[in-house]
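Index from 1, following the sequence. From a predicted model like this one, the values you see are computed outputs, not experimental measurements. Whatever order the structure lists ligands and atoms in, that order sets their numbers, starting from 1.
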Amino acid sequence: MNGVQLIKVHGSENDFYMLDVTTLDHQLSESEIKQIAINICNRKAGLIDGADGLLLIDKSDHINVLGKMRVINADGSEASMCGNGLRCVARYLAEKNQQQSFKIETMQADLPVAKMPSLSKGVETYQAHISPVSFSANDLGMRVNAGEDTLINQTIAELNTKLKFTAIAVPNPHLISFVDETTISGDYLGELGHYLNNKTNSVFPDGVNVSFVRILGKNQIFVRTFERGVGYTDACGTAMSASSLVSVLLHNDLIENNAKISVCNPGGMVNTVVHHSDNSEDYIDLIGNATFMRTIDISLDETLAGNFTNIDINETKEQASYKAFIKTLPKV
Ligand SMILES: N[C@H](CCC[C@H](N)C(=O)O)C(=O)O
């Protein structure tokens, strides 16, 4: 039987199925990868409770790089980066190779990752380097007002709202707006996310991750995200990183460069450290949990067919540790 083992993982409850393709006896085609992601991530008819996406781990032929990560959204679309997912892949490769700090190949860069002291007992914690960063419309797949190349703290005429937005690629595309408590918990984020991720909008024809951010206090923000290719997620690592950088740029009275920022989200909390400089590349350190909830042994044929009746599940005890950690967080 062409069995495969999937690991169900999450970063701040942004959950994924993770598959090490080097364990397979043949290479998956691109259409098989897309179909597997759509089948297993489906929240209604997928594998157990579905997921926000599929993380593929492959070998890398780059020097001093332990492996390669690809991220496939729940709708089957591929993204260039996934911050919460990179921490989970980092843990998998660290434990597989008994190494604690190394690089992982991603679509646009080989990124440093490292095992960190646990955020809480039983909560495995990793750091991921988030880059490259760009504000350029071309890198964002964005069409702004004629002739302009960036969108920084500006309104977008097509959206017909007074909200101001900043667009930033890390390198996947993010659109960020600072809002108040009422707005961040309302439905407008979802309306915006649906509008900007359908093909008819002229601002982001290829879609964009949309986040609302609330400044909570000194080096503390709350980020809620509607993700391209997924919808609402409990957290989005690249969005929390991008939001931290934009917070340093636009609210540096409260959110400091080169300082540990506490980024709260519906799924929990991560830390970021923004490294902004006028004369070198910006990047963000993203530090947070890499929780492995369970392994699932299943046949590849059944996964491709979307038939999940014959599966073998092994639960870990890590989700209980993560829930205990969440209970220690201040209410926001
Ligand atoms: N939906 C994103 C990819 C997943 C990113 C997110 N889960 C993260 O942790 O960064 C996109 O299409 O760009």
| remark: Pocket residues around ligand 1 (non-hydrogen, under 4.0 Å) come out as Asn14, Phe16, Asn73, Ala79, Met81, Cys82, Gly83, Asn84, Asn172, Asn209, Glu227, Arg228, Cys236, Gly237, Thr238
| Within 45 degrees of the axis of the six-membered ring of Tyr232 and under 6.0 Å from its centre: does Arg224 put its NZ or CZ there? | yes
| Does the pair Gln319 and Thr291 meet the rule for a side chain to side chain donor-acceptor pair (under 3.5 Å), with working shown? | CA-CA 7 Å; Gln319 189 59 2; Thr291 297; 5.2 Å; no
| query | Salt-bridged, Arg43 to Asp52, with N to O below 4.0 Å? | reply | yes
| Should the pair Arg70-Asp58 be classified as a salt bridge under the 4.0 Å nitrogen-to-oxygen rule? | no
| field | side-chain hydrogen bond (donor to acceptor under 3.5 Å, both in side chains) contacts in which one or both residues fall within residues 99-109, not counting sequence neighbours | value | Ser60-Glu105
| field | Heavy-atom neighbours of Asp187 CG exceed 12 at 6.0 Å | value | no
